[in-house]
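One structure is given here, and the rest of the page talks about it.
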Amino acid sequence: MTQVDVLLGLQWGDEGKGKIVDVLSPQYDLIARFQGGPNAGHTLEFDGKKFVLNTIPSGIFNEKTMNLIGNGVVIDPIILKRELDNLKKAGHDPVAKGKLVIARKAHLILPTHQLLDAANEQKMGKDKIGSTLKGIGPTYMDKTGRNGLRVGDTTLPDFKERYNKLVEKHKEILSHYEFEYDLTEKEAAFFEAIEFIKNIPHVDSEHFVNGYLKEGKTVLAEGAQGTLLDVDFGSYPFVTSSNTTTAGACTGLGIAPNKVGSVYGIFKAYCTRVGGGPFPTELDDEVGETLRKVGHEFGATTGRARRCGWIDLPALKYAIMLNGVTELIMMKADVLDGFDTIYACTHYEHNGETIDYMPYDIITVKPKPVLKAIEGWKTDVTKVSKVEEIPAKLADYIAFLEKELEVPVKYLSVGPDRVQTLILN
Ligand code: GDP
Ligand code: IMO
Ligand code: MG
């Protein structure tokens with residue numbers, strides 16, 4: 001029997017998960033998304049083309065790989081249809097090729113979930129989470145509140161009545177906000193998309209994935225968002241509404257913890273965050289602006305400018321512990337090519353103490369990062385294709401991180417394209 005490998009983000013999302021899942025997909029029979037929804041934007045680049053996937057797993061461009069949208073994912077049928085329509089226009093039709101299945105137990109994002117998300121954020125004003133406004137929070141609330149609608153419900157004869165019942169509840173809540181809306185167009189698009197997704201095979205993801213394992217096939221679980229956005233362990237309340245950690249792969253697919261194999265933890269050579277919330281190493285100056293410019297740090301889903309800062313080792317250590325990371329993947333090393341000196345945060349000064357963990361009161365008492373200066377490599381690494389060509393100072397930076405984090409860096413990414421990826425160990 002095989003096990004499920006997991007690939008997930010160790011920071012605040014956008015680490016480059018889409019690129020690496022695409023790179024690794026030839027090694028896997030099945031790629032499975034396990035949580036989150038279209039708040040995700042996973043970018044893939046190859047052959048001069050660029051794709052951004054929101055709901056669809058990033059194994060879709062590999063000819064032999066099957067892709068599953070797991071039970072832990074929340075699906076906006078309108079966005080899923082749009083993603084598939086766009087892929088089809090670009091010559092990729094995973095539905096026709098039988099390369100995409102969705103879990104019956106995955107919950108549906110309704111147009112009114114998005115309205116609730118927007119109404120709530122508007123009311124919070126400056127204290128808002130900075131949600132992607134895709135209706136993620138309200139949909140997971142209905143899931144845990146036992147009100148939600150699932151993909152499997154769409155084939156029931158009384159689906160429309162169930163829908164109306166939930167929408168009435170939402171309208172009642174919305175009436176307590178000063179929030180104008182018109183549902184007509186969205187609702188029509190929703191029902192059109194519901195008909196469309198009936199053509200994608202619905203499966204029980206728990207049986208589907210365990211069946212793959214029984215047959216000795218290889219499975220990779222693809223995370224969305226990042227560990228520091230986990231609803232339990234992230235910088236709450238500035239988090240998303242799902243478990244973005246390895247544990248989320250178990251509940252989001254229906255696999256037992258002892259079925260988890262390798263855990264790939266992916267991080268940027270620096271750090272970014274989009275939306276509100278604490279970010280101890282944030283650079284609110286021209287250095288941060290340079291990172292944003294060189295790294296093209298603008299959201300793949302919302303286009304918002306990402307906040308940028310230095311790598312945060314206490315945060316990474318925490319993420320590695322929570323996820324049981326067995327191998328690290330370092331992304332966007334090339335973005336640091338031009339720096340004379342780069343910095344790594346090794347500790348925080350917090351309430352008069354020096355600590356190396358993320359404190360509970362990170363929201364109310366801003367920790368001050370203790371930074372270690374590291375000499376830059378000042379070399380264009382975007383064309384480096386062999387380990388021997390890696391500049392010595394970049395190799396030193398990687399060795400320093402491996403020593404601090406106590407996990408080997410297995411892959412190094414030096415550009416957005418599929419081919420700009422090196423295997424180190
Ligand atoms: P994801 O959400 O984790 O899949 O990451 P995103 O796609 O939101 O953001 C990562 C961005 O960095 C995308 O624009 C990628 O094309 C780009 N990218 C990925 N790896 C590298 C890299 O090694 N170097 C550079 N310069 N860009 C990269
Ligand atoms: P990928 O998979 C980066 C952030 C939002 C906001 C918070 C809550 O591309 O890495 P939500 O819409 O989930 O209620 O927003 O989480 N966020 C992300 N940030 N990458 C993502 O996904 C994100 N998905 C949500 O910006 O701060
Ligand atoms: Mg992203």
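Whatever order the structure lists ligands and atoms in, that order sets their numbers, starting from 1.
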Exercise: do Asp22 and His42 side chains pair donor with acceptor under 3.5 Å: no
Identity and separation of the nearest protein heavy atom to atom 26 (N) of ligand 1: Asp334 OD2, 2.7 Å
Whether Tyr397 and Phe400 hold their rings parallel, tilted or perpendicular, with breakpoints at 30° and 60°: parallel
Nearest atoms (heavy-atom pairs only) where Leu8 meets Thr246: CD2-N, 3.4 Å
Atom OH of Tyr236 with >12 non-hydrogen neighbours under 6.0 angstrom: no
Glu15/Lys17 ion pair, N-O < 4.0 Å: yes
Among Ala40, Gly18, Gly41, closest by any non-hydrogen atom to atom 6 (P) of ligand 1: Gly41
Option with minimal heavy-atom separation from atom 14 (O) of ligand 2, where the choices are Ser131, Gly16, Gly13: Ser131
Sub-3.5 Å N/O-N/O distance, Asp117 and ligand 2: no
Proximity of Val239 to ligand 2 by residue part, where a heavy atom lies under 4.0 Å: backbone
Ring-face cation contact, Phe46 with Arg418, 6.0 Å cut, 45° max: yes
Residues Tyr270 and Glu297: side-chain donor-acceptor under 3.5 angstrom: yes
Ligand 2 versus Phe238: contacting region, heavy-atom distance under 4.0 Å: neither
Ion pair Glu178/Lys123, N-O distance below 4.0 Å: no
Smallest separation among heavy atoms of Glu222 and Ile31, with atom names: OE1-CG2, 3.7 Å
Ser58 to Leu44 - nearest heavy-atom pair and separation: O-CD2, 3.7 Å
Residue part near ligand 2, for Val274, under 4.0 Å between non-hydrogen atoms: both
Ligand 1 contacted by Arg418 (non-hydrogen, < 4.0 Å): no
Atoms of ligand 1 close to Gly415 [distance to a heavy atom under 4.0 angstrom, numbered from 1]: 20 (N), 21 (C), 22 (C), 23 (O), 24 (N), 25 (C)
Ligand 1 atoms in contact with Ser413 (distance to a heavy atom under 4.0 Å): 20 (N), 21 (C), 22 (C), 23 (O)
Nearest protein heavy atom with distance in Å, relative to atom 10 (C) of ligand 1: Asp14 O, 3.7 Å
Within-shell test, Gly130 vs ligand 2, heavy atom, strictly < 4.0 Å: yes
Heavy atom of the protein closest to atom 23 (C) of ligand 2 (residue, atom name, distance): Gln225 CG, 3.6 Å
Arg304-ligand 2 polar pair, N/O distance under 3.5 Å: yes
What donor-acceptor contacts under 3.5 angstrom involve side-chain atoms of residues 124-135, with partners at least two apart or in another chain?
{"unit_1": "Ser131", "atom_1": "OG", "unit_2": "Asp117", "atom_2": "OD1", "d": "3.1"}
{"unit_1": "Ser131", "atom_1": "OG", "unit_2": "Asp117", "atom_2": "OD2", "d": "3.1"}
{"unit_1": "Ser131", "atom_1": "OG", "unit_2": "Leu133", "atom_2": "N", "d": "2.7"}

Neighbour count above 12 (heavy atom, 6.0 Å) for Lys366 NZ: no
Nitrogen or oxygen of Lys50 less than 3.5 angstrom from that of ligand 1: no
Any N/O pair Met331/ligand 1 closer than 3.5 Å: no
Non-hydrogen atoms of Gly324 and Val263 that approach each other most closely: O-CB, 3.5 Å
Where Gly137 and Ser241 come nearest, the two heavy atoms and their spacing: CA-OG, 3.3 Å
Six-ring centre of Phe339, Lys378 cation under 6.0 angstrom, axis tolerance 45°: no
Heavy-atom closest contact (Ala224 atom, Ala40 atom, distance): CB-CB, 4.0 Å
Sub-3.5 Å N/O-N/O distance, Thr132 and ligand 2: yes
Proximal atoms of ligand 1 relative to Lys19 (non-hydrogen, under 4.0 Å): 20 (N)
Atom indices of ligand 2 within 4.0 angstrom of Lys17 heavy atoms, with elements: 1 (P), 2 (O), 10 (O)
Residues Thr281 and Asp312: side-chain donor-acceptor under 3.5 angstrom: no
Asn62 and Tyr28 side chains, donor-acceptor separation under 3.5 Å: no
Protein heavy-atom partner closest to atom 17 (C) of ligand 1 - residue, atom, separation in Å: Lys332 NZ, 4.0 Å
Sub-3.5 Å N/O-N/O distance, Ala300 and ligand 1: no
For atom 2 (O) of ligand 2, the option (of Glu121, His42, Arg306) bearing the nearest heavy atom: His42
Top protein contact for atom 20 (N) of ligand 2, by heavy-atom distance: Asp14 OD1, 3.1 Å
The Mg ion (ligand 3) - number of protein N/O/S atoms closer than 2.8 Å: 2
Under-4.0 Å heavy-atom contact with ligand 2, by part of Lys134 that carries it: neither
Atom indices of ligand 2, in the order listed, that fall short of 4.0 Å to a heavy atom of Ile129: 8 (C), 27 (O)
Per-atom contacts of ligand 1 with Glu45, taking only distances under 4.0 Å to non-hydrogen atoms: 16 (O)
Contact atoms of ligand 2, heavy-atom distance to Trp12 under 4.0 Å: 3 (C), 19 (N)
Close N or O approach (Ala40, ligand 2; < 3.5 Å): no
Residues His113 and Thr139: side-chain donor-acceptor under 3.5 angstrom: yes
Heavy-atom gap Gly13 to ligand 1 smaller than 4.0 Å: no
Close-contact set for ligand 2 against Ala224 heavy atoms, below 4.0 Å: 2 (O)
Closest protein heavy atom (residue, atom, distance) for atom 17 (N) of ligand 2: Leu229 CD1, 3.8 Å
Under 3.5 Å side-chain donor-acceptor pair for Thr240 and Gln225: no
Lys19 versus Thr421, side-chain donor and acceptor atoms under 3.5 Å: yes
Side chain to side chain, Arg162 and Lys165, heavy atoms closer than 4.5 Å: no
Closest approach of any protein heavy atom to atom 7 (O) of ligand 1, naming residue and atom: Thr43 OG1, 2.5 Å
Nearest non-hydrogen protein atom, atom 13 (O) of ligand 2: Thr240 OG1, 2.6 Å
